[in-house]
Amino acid sequence: MKNIIITTGAELIAKAAMSAGVNFFAGYPITPASSIYSAMLRRLQAEGKLAIGASDEISAISMCIGASMRGAKTMTATSAPGLSLMVENIGYAFATETPVLIVLGQRLGPSTGSATQSAEGDISFVKNLISGGFHIPVFAISSIQDCFSTTINAINCSELLRTPVILLTEKDIAMSQTNIDFDELKRQETDTKIINRKYFNFEQASVYKTYDFDRSEEVPEFLPAGFGTSHRVVATASTHDKAGNLSKTSSEALSVIQHLSDKIEKRIDEYNSFSLDDTAGAETLVISFLGMSLIAQSAIKQARARNKKVKHLILRTLFPVPEKTITECLQGVRRVVVPEINLDGQYAKILAHLFKNQELISLTSLAGIIRPEKILEAIK
Amino acid sequence: MNLEYKYMVDEPEYPYCAGCGHTWINKSLGSALEKLNIKPSKINLITDIGCVGLVDKLFLTNTIHTTHGRSTAVATGLQLADQILFDNDAIHIIMIGDGGATIGLLHLIEAAKLNVNLTVILHNNFVYGMTGGQNSGLTPENFRTATTMSGNLSPGLHIANILKASHAGYLSRKLATDKDLDLAIKSAIEYPGFSLIEVVELCTGYATKWNKMTKSDVQEILENMDAGELGVISEIKRENYGNIYNSAFPKTAPSESFKPINVNKFTQLKSPISLVLAGSAGEGVQFATKILSESSVRNGLNILQTNDNPVTIGTGFSISELIISSDEIFYTGIDPINYLLISSTDGLKRSSDMVSSLKPPAKIIIEETLINQLKNPNNVEVHAFPFRKLAPDVMNINMVMMGYLLKLETQIDFQDFQQALEKNMKNPEKAIFALNTGFSL
């Protein structure tokens with residue numbers, strides 16, 4: 001006997017968020033993220049945790065940040081028009097080292113675009129959300145089945161590094177339904193490690209500095225604002241020293257800025273998620289992510305049935321770009337195929353500099369999936 | 001006075017121009033906190049952008065300096081989490097200027113509407129002081145600012161009236177120079193919901209250079225805006241949002257919301273089945289497909305269902321695509337389609353591209369009255385019946401079609417479908433009638 005559930009990606013994302021300990025969601029309706037909003041509202045309210053419909057996306061992200069400063073594990077979900085409104089305070093969360101998960105349900109842009117048409121065109125948008133040239137971690141869900149583990153990985157990363165993170169998905173995954181092995185899901189739930197931010201030991205330590213660290217990639221210990229210890233929290237996004245005091249260009253303040261970048265860039269191995277389906281002597285590497293991953297798998301199955309030697313790398317961490325993971329796959333590879341559902345191959349362009357000795361084949365479709373035959377053709 | 005706690009740094013250096021009202025407000029807040037005698041680390045001082053945001057270094061409470069105008073929204077999240085998730089009673093005080101109140105007006109309205117337990121100290125000096133004395137939304141009519149040098153052309157927003165209409169619990173107005181400002185701030189903090197105290201003050205860096213601003217001038221400006229009333233303007237009894245939420249959604253232990261289907265039967269399909277049901281919103285298209293998904297899963301099969309509809313879900317087309325397979329489904333789109341079911345004109349219009357790409361042995365199952373409009377370039381097999389006429393009601397048109405599909409597609413067990421239907425409906429009689437009607441055609 002098997003226990004099976006039929007679920008949408010949105011429901012699985014919500015399930016994962018609850019398992020990861022999310023206890024605060026603020027949202028504003030927008031297709032296709034509304035499905036996640038509804039699922040979170042229902043689940044959180046059922047347990048007396050906090051879910052709130054905000055007046056706009058600016059409110060939603062700001063409320064998440066405030067709640068996170070109090071120690072809540074927070075989340076919001078939107079699509080590109082809503083993300084546009086959130087950008088200011090995603091930067092604020094980044095600079096104040098405040099964890100928050102932003103799920104981005106992609107749909108066809110630009111601007112209001114087509115609300116119910118799936119797409120993967122926001123990759124270059126989320127790459128550069130932070131002014132000053134900083135990057136936050138961006139995760140990508142590769143299938144409905146993958147919603148659970150990648151959502152937890154994204155939340156774990158945001159807690160581990162005290163940073164906002166983006167979790168990319170798309171309408172066809174958030175709103176499509178499939179069967180999932182429920183026993184396997186329960187096993188995953190039991191086995192998955194949940195990471196919580198490191199709290200400041202206020203009973204033992206005498207001095208608290210909101211943004212303290214020794215090594216640059218270290219993450220400051222957290223103290224909830226308003227908890228009522230004998231220590232105080234000084235939070236600010238303005239250039240500050242380790243204690244949170246404003247300081248324009250002191251060496252300590254500059255080291256805090258450097259640290260904001262280092263903790264994310266240098267610790268990628270702790271949250272980088274990918275799967276490699278390797279083949280000895282493969283001359284072609286297919287790199288896929290988001291909803292194209294499954295389709296690419298299908299193409300690779302067919303290619304191998306025709307005795308083609310091809311390997312497949314599915315990326316679930318898109319930013320910072322996992323350069324080491326990718327270059328390690330390039331041994332002996334002469335051709336790299338990157339299929340993605342957007343105008344001009346956004347991610348392929350970002351990766352291009354890594355392929356010094358390989359031909360890059362960027363497959364694109366503005367809207368609608370790229371068929372496996374097209375990938376098969378590119379594999380040659 | 002022997003104080004238990006210290007709220008401000010020793011000998012604070014106020015970073016403001018001589019005569020600026022901010023200094024008075026800072027001192028009065030310090031004095032109000034002393035009177036309240038609450039542990040400083042249980043006080044969250046949330047400060048906005050502008051000169052008002054320079055106070056962080058003066059206070060020994062927690063200080064959270066935010067982006068422009070967003071202080072109220074950040075404080076809302078902070079306060080609600082504190083009260084609802086952590087059962088704590090920290091004090092939340094927002095320091096915001098008239099500029100912040102302009103750009104962040106919606107957050108003020110939202111906090112007032114919800115009655116979030118926080119206190120807003122609105123420093124209203126009618127201008128953006130930090131950036132050169134430009135006009136804000138609160139700048140009075142005819143007031144001279146860096147950007148309205150010949151006088152402001154429109155009247156200023158009446159914040160108290162706006163928030164009163166937003167159900168604010170507590171509203172008061174004071175002058176920064178009022179001797180009892182500390183007591184007024186204390187009263188606002190003590191109100192157990194949303195409170196806002198508007199403190200009218202002078203920007204001596206800009207506003208007083210361009211406008212006559214003696215005490216009587218200021219009073220005249222306020223009276224012209226119908227804002228001359230000082231002291232408590234409005235105080236109503238309302239439960240705060242945290243308390244309301246806690247009663248509405250009591251804490252309960254987590255429970256599993258997925259209801260798994262026990263699968264005992266494992267059917268092997270000869271090849272995957274892919275179908276599209278194209279009809280109209282409100283006629284049960286997605287529901288009928290969902291039941292087919294569920295009955296397939298009961299047979300140990302894999303499914304992938306994708307629905308499409310216009311943004312307004314109650315009108316126009318409604319399309320469900322379903323792939324059923326014994327093997328893992330790598331979503332590759334619905335092509336090739338085995339069955340295309342068309343139950344309405346909306347569905348026919350929307351699926352016309354699909355129709356022209358259909359190739360035998362695909363089958364079209366179509367409502368009889370649409371047959372004249374059907375273009376079938378590749379001459380695939382067409383099964384037309386008066387499904388609409390046969391259905392007991394519009395909600396069940398697609399269920400009749402589903403019954404007919406099960407007659408053609410014997411790999412899906414009719415009994416399993418009927419069981420799935422019964423499990424999903426409180427009163428399944430009509431649907432079962434519709435299903436059997438289609439099946440017996």
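Here is the naming used below: chain letters follow the sequence lines, and residue numbers restart at 1 for every chain.
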Has [X] got a side-chain atom pairing as donor or acceptor with [Y]'s backbone, closer than 3.5 angstrom?
X      : Y      : answer
A/N179 : B/I303 : yes
B/N62  : A/V233 : yes
A/R232 : B/S41  : no
B/K39  : A/G228 : yes
B/N262 : A/N3   : no

Most chain B-contacting option - heavy-atom pairs closer than 4.5 Å, from [options]:
options                     : answer
A/Q297, A/K49, A/R42, A/E88 : A/E88
A/T31, A/I58, A/I65         : A/I58
A/A26, A/G291, A/A51        : A/A51
A/L44, A/I52, A/T210        : A/I52
A/S114, A/A296, A/S55       : A/S55
A/S293, A/S68, A/A67, A/A14 : A/A67

**Message:** Only pairs of heavy atoms separated by less than 4.5 Å count here; which of B/D56, B/N88, B/T76 has the most with chain A?
**Reply:**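 The answer is B/N88.
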Can you tell me how far [atom2] of [Y] sits from [atom1] of [X], rounded to the nearest 0.5 angstrom?
X      : Y      : atom1 : atom2 : result
B/F258 : A/L12  : CZ    : CG    : 5.0 Å
A/Y92  : B/I64  : OH    : CD1   : 6.5 Å
A/Q177 : B/L322 : CD    : CG    : 9.5 Å
A/S143 : B/I329 : OG    : CD1   : 12.0 Å

Between [X] and [Y], does any side-chain donor sit less than 3.5 Å from a side-chain acceptor?
X      : Y      : answer
A/E47  : B/T252 : no
B/E110 : A/S59  : yes
B/S257 : A/R43  : yes

**Request:** State plainly whether the residues B/E256 and A/K15 are in salt-bridge range, i.e. N to O under 4.0 Å.
**Result:**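 Result for this pair is yes, salt bridge flagged.
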**Message:** Between A/T116 and B/D308, is there a side-chain heavy-atom distance shorter than 4.5 Å?
**Reply:**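 Side chain of B/D308 against side chain of A/T116, heavy atoms only: contact under 4.5 Å found.
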**Pi-cation contact, B/F86 with A/R70 (under 6.0 Å, within 45°)** =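 Judged by the rule, A/R70 and B/F86 form a cation-pi pair.
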